[in-house]
Amino acid sequence: MHKFNGNYMSLSEQEQIRRESLAELRKLGIDPYPAAEYKTNVFARDIIDNFHPENNKFNDVCLAGRIMSRRIMGNASFAEIMDSTGRIQIYVKRDEICKGQDKTFYNNVFKHLLDIGDIIGVKGHVFKTQTGETTVHVNELTLLSKSVRPLPIVKEKDGMLFDAVTDPEMRYRQRYVDLIVNPHVRDVFRKRTQIIQSMRELFNSKGYLEVETPILQPIPGGAAARPFITHHNTLDIPLYLRIANELYLKRLIVGGYEGVYEFSKDFRNEGMDRTHNPEFTVMEIYVAYKDYNWMMNFTEEIIKKAVIDLHGRTDITFDGKKIDLNPPYKRISMLDSIREHTGIDISGMDEDELRKVCTSLGVKHSPEMGKGKLIDAIFGEKCEHHYIQPAFIIDYPVETSPLTKMHRSKPGLTERFELMINGKEIANAYSELNDPIDQLERFQDQLRLSEKGDNEAMFIDHDFVRALEYGMPPTSGMGIGIDRLTMLLTNQPSIQDVLFFPQMKPLSQNLKTEDQNEDYIELGIPEGWIEPLKKLGFTTIAKLIEVEKPAKLANDLNVFNKKNKLGLPGLSPQIVESWLKK
RNA sequence: CGGUUCGUAGCUCAGCUGGUAGAGCACGUGACUCUUAAUCAUGGGGUCGAGGGUUCGAGUCCCUCCGAGCCGACCA
């Protein structure tokens, strides 16, 4: 009955059994992968939430989902199926799904040929069991998709998980498995989408326009970062994957829109850790006739709406820390912040003086760092991590803010803020620089930084300057890191937990040294014996020809043949010896 | 890129100072008509991440490589 062929050899026992079940089902005239639509009329969640035995509204339900557990007891069984909304128990009784004399469908199909992981549809009525569990009493069961690979088994009792899949390798590389067996993971991603929807709703209610701008850019602008580079064949030019969409969105403000926004994937060619992925999502929004003070209020509104839409409240817990996102948020200038946390007033200092401050504070610095980067380093090292509760850090040095309008009253500073929550930057915004002459000079300053060795300095975008020359209204723009906001609002410590498919190093294929089947055939070895040989450890010809006792090998192979019911003709020691001699 | 811990059955994990690999769940077979981490009986399943070295003998010790986590460096 057990049939094995070459392809089966590399499969585990359980996979082989499932493939046999698949064939058996077909033999019984059951299509394991039917094409027809399966019309359901309810979800598991609806039933669980709304079933009351006294007024049963669920006398004729039809739902579909994946079998997650089974408890078979003779002629009746319980199982759990899981649909997109959750799990529900089903009760399958032999004489209920096999109305006539033929009990094959229960005794063979349900009990033996179906497995955990299979996707089925059931029809029936809902009742409560003696132990009080809401259950679907099944009178018709349809196989919708056969699973031939065993799922990790996660059991649960009183909210405690047993054998939960926590291995990051499995969870991130095979996210589909993670989503099946870890329902809270599915929930995190649902929340991620809710956050985006919440923001989109707010922007649309204000009449702002959702737009799309190029991902492939000839000049990667709008941020200080190292880009990915690619090549366009027909144009024969390099193109960069965008590091930001800022300059394109501002062109659209020049073009006359009142407000534009985009949820955009950006790409930065940098390292990866628990808060960085090479591709990530940023929401950027630009609104005409506003300044950064207005944008601070608007940012508070965005965050507040998002957290209330998600949790119904503004206080959250992240990594064990209580954070309250109810506005207004603290506002403090960068220089005041540095004074507060270091006791040093750096206002008006030149590059040399700043360098000395860095040294005295133990903040690392290097010669190519300009004034702005030095101040940034002090803030990053000494201040940033203190802002657990939301706080706007405002008025950044001009050197690190080449796209930002000069401060209306504070010389050397710009009208820029970053929103810090849990010691991390969540949002970044400016009163946008709209003076084309100033903008060109700032770009040229960046070029000088670049020549000094700063490989993150911005490129000059002459077309963007030209756009500003036509005139851009006073505008405020803001960007929010969607991944980090999602981490914060869903209490996930790693960016990998809020990205469906975080970047992972590819696994190198075929690290195992294994010779080709043709090499074995050349030695006169029949094809059927190749897999058995490899299974026994002779994965290369070199290993094979070292064998000193051909008789023992012949015996081992014959035992393997019998054990696995391969049905190959027996081998004599002489035949095996003849392979080794070639 | 540096430090550190880890990689054993489909899954979760044991495996002490080197001596032919174990458990639970899952899987196979049998029993059982309201179970729920179902239960009872019984059986199968592993080139111990890959390659090399030391040894009579390596899952275990040493080296190299491949992946992953954490901590640092760089960055949003």
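Atom set for the values below is all heavy atoms of this structure, side chains included, hydrogens, waters and symmetry mates excluded.
At whole-Å resolution of the value, CD in A:E24 and P in B:C27 are 18 Å apart. Separating the CE atom of A:M73 from the C1' atom of B:U33 is a distance of 6 Å, rounded to the nearest angstrom. Atoms CZ (A:R226) and C1' (B:C1) sit 12 Å apart, rounded to a whole Å. In this structure, CZ of A:R94 is placed 12 Å from C1' of B:C32, rounded to the nearest angstrom. One interatomic measurement links the two molecules: CG of A:N107 to P of B:G30, which rounds to 10 Å at whole-angstrom precision. Rounded to whole Å, the distance from CD on A:E133 to C1' on B:C34 is 11 Å. Atom CD of A:Q14 and atom C1' of B:G28 are 9 Å apart (whole Å).
The pair A:R242-A:E262 counts as a salt bridge, with a side-chain nitrogen and a carboxylate oxygen less than 4.0 angstrom apart. Between A:R175 and A:D178 there is a salt bridge, with a side-chain nitrogen of the basic residue lying less than 4.0 Å from a carboxylate oxygen of the acidic one. For the pair A:D115 and A:K146, the salt-bridge criterion is met [side-chain N within less than 4.0 Å of a carboxylate O].
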Notebook entry, point to check: Hey, mind stepping through A:Q89 and A:Y91 against side-chain hydrogen bond (donor to acceptor under 3.5 Å, both in side chains) and telling me if it holds?
Noted result: CA-CA 7 Å; A:Q89 180 170 267; A:Y91 179 65; over 6 Å; no

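Test A:V398, A:L403, A:T400, A:I393 against A:R416 for side-chain contact (heavy atoms from CB on, under 4.5 Å) and you get one pass: A:T400. Exactly one of A:L151, A:L113, A:L143, A:V148 qualifies for a side-chain contact (heavy atoms from CB on, under 4.5 Å) with A:D118. That residue is A:L143. The residue from A:F392, A:Y396, A:Y430 that alone fulfils the ring pair (Phe, Tyr, Trp, His ring centres under 6.0 Å) condition with A:F417 is A:F392.
In the model, A:H112 has no side-chain atom that pairs as donor or acceptor with a side-chain atom of A:S21 under 3.5 Å.
Evaluation of atom-type donor-acceptor distances gives no pair under 3.5 Å for the side chain of A:E169 against the base of B:G67. Residue side chain A:E156 does not reach the base of B:A37 through any donor-acceptor N/O pair under 3.5 Å, judged by distance alone. Side chain A:Q89 to base B:U35: a donor-acceptor pair is found below 3.5 Å.
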Name the pairs: protein N/O against N/O of nucleotides 22-25 of chain B, kept only if under 3.5 Å.
from, atom 1, to, atom 2, distance (Å)
B:G24, N2, A:D163, OD2, 3.4
B:C25, O3', A:K155, NZ, 3.1

Check nucleotides 4-7 of chain B for protein N or O atoms closer than 3.5 Å to its own N or O atoms and list the pairs.
none

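A:D483 comes within contact range of no nucleotide atom at all, as no heavy-atom separation falls under 4.0 Å. Note on A:A223: nothing from the nucleic acid sits closer than 4.0 angstrom, heavy atoms only. The residue A:A225 sits apart from the nucleic acid: no heavy atom pair falls under 4.0 Å.
Closest approach to the A:E13 side chain among B:U29, B:C71, B:G44 is made by B:G44 (side chain taken as heavy atoms from C-beta onward). Checked against B:C11, B:A37, B:A73, the side chain of A:K364 finds its nearest nucleotide in B:A73.
Under the side chain to side chain contact (heavy atoms under 4.5 Å, CB included) criterion, A:M170 pairs with A:P152, A:V165, A:D167, A:Q174, A:V177, not counting sequence neighbours. Residues forming a side-chain hydrogen bond (donor to acceptor under 3.5 Å, both in side chains) with A:N277 (at least two apart in sequence, or on another chain): none.
B:G2 and B:U55 have their P atoms separated by 32 Å, given to the nearest Å. Using P as the reference atom, B:G24 and B:U42 are 12 Å apart when rounded to the nearest Å.
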Note to self: Both atom distances under 3.5 Å, Watson-Crick or G-U wobble: I'd like the secondary structure of RNA chain B as a dot-bracket string, with | for pairs made across strands.
What the structure shows: (((((((..((((.....[..)))).(((((.......))))).....(((((..]....))))))))))))....

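Screening residues 388-403 of chain A for salt bridge (Lys or Arg N to Asp or Glu O under 4.0 Å), with sequence neighbours left out, gives A:D395-A:K410.
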